[in-house]
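Read the numbers this way: they start at 1 and go in the same order the structure lists the ligands and their atoms. Everything numeric here is computed off the predicted structure, so don't read it as measured data.
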Amino acid sequence: MNEINETLLSAEAIRKTIEVPAHPIKPPITTEEKEALKSRIKKLMREQDAVLVAHYYTDGDIQELAEESGGCVADSLEMARFGTTAKEQTLVVAGVSFMGETSKILNPEKRVLMPDLRATCSLDIGCPADVFGAFCDAHPDHTVVVYANTSAAVKARADWMVTSGIALPIVEHLKAQGEKILWAPDRHLGHYIEKVTGVEMLLWQGSCVVHEEFKSVALERIRRLHPDAAVLVHPESPEHVTDQADVVGSTTKLIEAVATMDQKKFIVATDDGIFWKMKQVAPDKILISAPTAGEGATCESCAHCPWMAMNSLQNIEAMLQNPGPQHEINIDESIRERAMLPIRRMLDFADSHGISGKYQGNA
Ligand code: 13P
Ligand code: SF4
C-alpha cells in the first residue's frame with residue numbers, strides 16, 4: 001500500500017473512533033429569568049472589558065445577547081476578523097475551540113475565554129497534527145490549505161487557512177497560479193470545491209458528524225412534498241445532498257439566501273441553530289429542517305452540533321463570575337506565530353476581495 005493511502009486510511013480510522021457527546025439538557029427558563037440573566041452577563045462583561053463573539057449555531061439566546069451587547073454573531077470567517085477590530089481586552093467566544101484558538105492566534109495580547117473548553121469539532125479531532133504533519137511531509141510540492149475547523153498545530157503546518165465562505169475563491173486563486181493543493185480536513189467540502197473549480201486536490205478524509213447525517217433520499221422525498229421550496233445546503237454535507245441544492249454555501253450565504261430569494265419556503269441542510277438568525281432576517285418565511293433521521297438514527301442525527309450546544313447563557317455567566325484558566329485559551333508561542341500566517345493570508349485575501357462573513361442586510 002502506498003504512503004498516501006496509508007495516511008488516508010488512518011484518517012478514516014480516526015474518524016470512526018470519534019466520540020460524540022450527548023447534548024446537554026437545558027431546562028427552560030422564563031422570559032423574565034432570561035432577561036435578568038442577560039442583564040447580569042452584560043454587567044459582568046462591562047466590568048471585565050469583554051465582548052461576546054458568537055457563531056450562528058449557538059443558542060438563539062446567546063446570539064441575541066451578542067447583538068444586544070455590541071458583540072458579533074457571524075460565521076467563522078467574520079468571528080476571526082471581529083476579534084482583531086474589537087476594542088475590548090477580553091473576547092468571550094461562544095462557539096467551538098477552533099474559533100477561540102483562531103481569536104487567540106490573531107490577538108495574543110487579548111484574553112480569550114470560552115465557557116466550555118471541551119467544545120470541539122469532529123473535523124478538528126479527526127485531523128491530529130502529528131499524522132497530518134506526516135501527510136504534508138510526504139507531499140512537499142503541495143500548497144497546504146486547511147479549513148478553519150482545525151487545531152492551531154494543524155494551522156501551523158498550513159500555507160492557507162480558509163472558511164466555507166472563502167474557500168472557493170482562494171482555491172481558484174491557487175489554481176490560477178498553477179499550485180498543487182493538499183486539502184484538509186473535510187472530505188465533503190474538499191470534494192465540492194474540486195467539482196466547482198475543476199481542481200484535483202489531495203483530500204484528507206475528515207467529516208462533520210452533524211452535516212454527514214443529512215440524507216439524500218429523504219431529502220428527495222421532502223422536496224417532492226414541497227416543490228415550491230428552495231434547498232439550502234452547507235458544503236460540509238455529502239455530495240448527494242449538495243447536488244440537490246439551489247444554494248450551497250457558508251452559514252452567512254445561507255442566511256442571505258433566505259433573506260433575498262423570492263421563495264417563501266426553504267429546506268435547510270445545516271445546524272438548526274441557524275434558524276434563529278434566519279427567522280430574524282426573514283420572519284415571514286417558512287423554514288424546514290432537511291431530513292437527517294431514518295433507520296438507525298442516533299443523537300448525532302438531530303441537526304444540532306453537540307459541541308456548539310455546550311454553550312449556554314448559564315455557563316457564560318458562571319465563567320464570567322470565575323474566569324480562571326479552565327476557560328482561557330492559551331497557545332504555545334511558536335505554534336501561534338506560525339499558525340497566524342495562513343490565517344492572516346486568508347484575512348488579507350478577504351479584505352482585498354471584499355468578502356464578508358456577516359449577514360449585512362437589515363436585521
Ligand atoms: P461557517 O464558517 O459557514 O459558519 O461554518 C462553520 C462550521 O463549523 C460549520 O459546521
Ligand atoms: Fe464541527 Fe460540524 Fe460542529 Fe461545525 S457543526 S463545529 S463542523 S462538528
Side-chain angles (χ1 to χ4, degrees), residues 15 18-21 23 53-59 63 72-82 93-103 114 116 118-127 146-151 154 161-168 170 184-190 192-193 204 206-214 232-238 241-242 245 247-257 268-278 289-290 292 299-311 343 346-347 350 355-359:
R15 195 157 51 82
I18 292 172
E19 281 181 33
V20 180
H23 288 75
V53 191
H55 189 262
Y56 292 127
Y57 292 166
T58 55
D59 295 352
Q63 299 183 48
C72 166
V73 183
D75 68 13
S76 27
L77 170 61
E78 204 56 32
M79 286 176 80
R81 188 157 35 200
F82 180 82
V93 177
V96 293
S97 54
F98 78 82
M99 295 168 172
E101 285 188 356
T102 300
S103 292
M114 295 191 71
D116 192 333
R118 292 169 304 173
T120 180
C121 164
S122 62
L123 288 165
D124 186 345
I125 304 170
C127 190
V146 301
Y147 194 32
N149 303 36
T150 47
S151 64
V154 163
M161 181 190 100
V162 299
T163 67
S164 60
I166 200 168
L168 281 172
I170 286 181
D186 188 9
R187 58 185 179 158
H188 296 303
L189 177 56
Y192 173 73
I193 292 168
W204 187 263
S207 66
C208 161
V209 293
V210 179
H211 290 86
E212 189 136 87
E213 288 297 309
F214 290 112
L232 311 180
V233 177
H234 195 281
E236 290 168 10
S237 309
V241 175
T242 49
V247 177
V248 178
S250 64
T251 47
T252 298
K253 189 168 171 183
L254 303 186
I255 291 162
E256 272 164 8
V268 183
T270 195
D271 185 294
D272 61 12
I274 202 170
F275 284 8
W276 184 82
K277 190 69 183 174
M278 287 181 166
S289 214
T292 53
C299 182
E300 288 167 35
S301 309
C302 67
H304 189 40
C305 176
W307 294 291
M308 288 280 181
M310 288 179 177
N311 297 275
I343 308 177
M346 174 194 77
L347 291 177
I355 299 169
S356 162
K358 189 169 191 299
Y359 174 67

(request) Out of Ala148, Ala74, Ser76, indicate the one that has the non-hydrogen atom closest to atom 2 (O) of ligand 1. (result) Ser76
(request) Look at the side chain of Glu213 and the backbone N and O of Ala303, then say whether any donor-acceptor pair between them is shorter than 3.5 Å. (result) no
(message) Check this for me: does any side-chain nitrogen of one of Glu78 and Arg81 sit under 4.0 Å from a carboxylate oxygen of the other?
(response) yes
(message) What's the separation between atom OG in Ser289 and atom CZ in Phe214, rounded to the nearest 0.5 Å?
(response) 6.0 Å
(request) Using heavy atoms and a cut-off under 4.0 Å, could you grab the residues that are in contact with ligand 2, chain by chain, numbers ascending? (result) Tyr57, Val96, Cys121, Ser122, Leu123, Asn149, Cys208, Val210, Glu236, Cys305, Trp307
(request) Go through ligand 1 atom by atom and flag the ones less than 4.0 Å from a non-hydrogen atom of Thr251. (result) 1 (P), 3 (O), 4 (O)
(message) Within the structure, is a non-hydrogen atom of His55 found at a distance of less than 4.0 Å from ligand 1?
(response) yes
(request) Considering the heavy atoms of Asn149, write down every atom of ligand 1 situated less than 4.0 Å from one of them. (result) 7 (C), 8 (O)
(request) Output the distance between atom CG (Leu189) and atom OG1 (Thr163), rounded to the nearest 0.5 Å. (result) 9.5 Å
(request) Please identify which atoms of ligand 1 are closer than 4.0 Å to at least one heavy atom of Ser250. (result) 3 (O)
(message) Would you compute the distance between atom CE of Met99 and atom CE of Met308 and round it to the nearest 0.5 angstrom?
(response) 3.5 Å
(message) Starting from atom 10 (O) of ligand 1, what is the nearest protein heavy atom, named by residue and atom, and what distance separates them?
(response) Glu236 OE1, 2.8 Å
(request) Using a strict cut-off of 4.0 Å, indicate which atoms of ligand 1 neighbour a heavy atom of Tyr57. (result) 7 (C), 9 (C), 10 (O)
(request) Specify the protein heavy atom at minimum distance from atom 5 (O) of ligand 1: its residue, its atom name, and the distance to 0.1 Å. (result) His234 NE2, 3.4 Å
(request) Going by the side chain to side chain donor-acceptor pair (under 3.5 Å) test, name the single residue among Thr270, Asn311, Asp75 that passes it with Tyr57. (result) Thr270
(message) In this structure, does ligand 1 have an atom that sits under 4.0 Å from one of the heavy atoms of Lys253?
(response) no
(request) Please round to the nearest 0.5 Å and tell me the distance separating atom CG of Leu232 and atom CD1 of Ile255. (result) 10.5 Å
(message) For the backbone of His304 and the side chain of Asp272, can you confirm whether one donor and one acceptor N or O come within less than 3.5 Å of each other?
(response) no
(message) Given 3.5 Å as the limit, does a donor-acceptor pair link the side chain of Trp204 with the main chain of Val146, or not?
(response) no
(request) Say whether, by atom type as modelled, one donor and one acceptor occur between the side chain of Gln63 and the main chain of Thr58 under 3.5 angstrom. (result) yes
(message) Using the rule side chain to side chain donor-acceptor pair (under 3.5 Å), only one of His188, Glu236, Glu212 pairs with Ser207; which is it?
(response) Glu212
(request) Specify the protein heavy atom at minimum distance from atom 3 (O) of ligand 1: its residue, its atom name, and the distance to 0.1 Å. (result) Ser164 OG, 2.7 Å
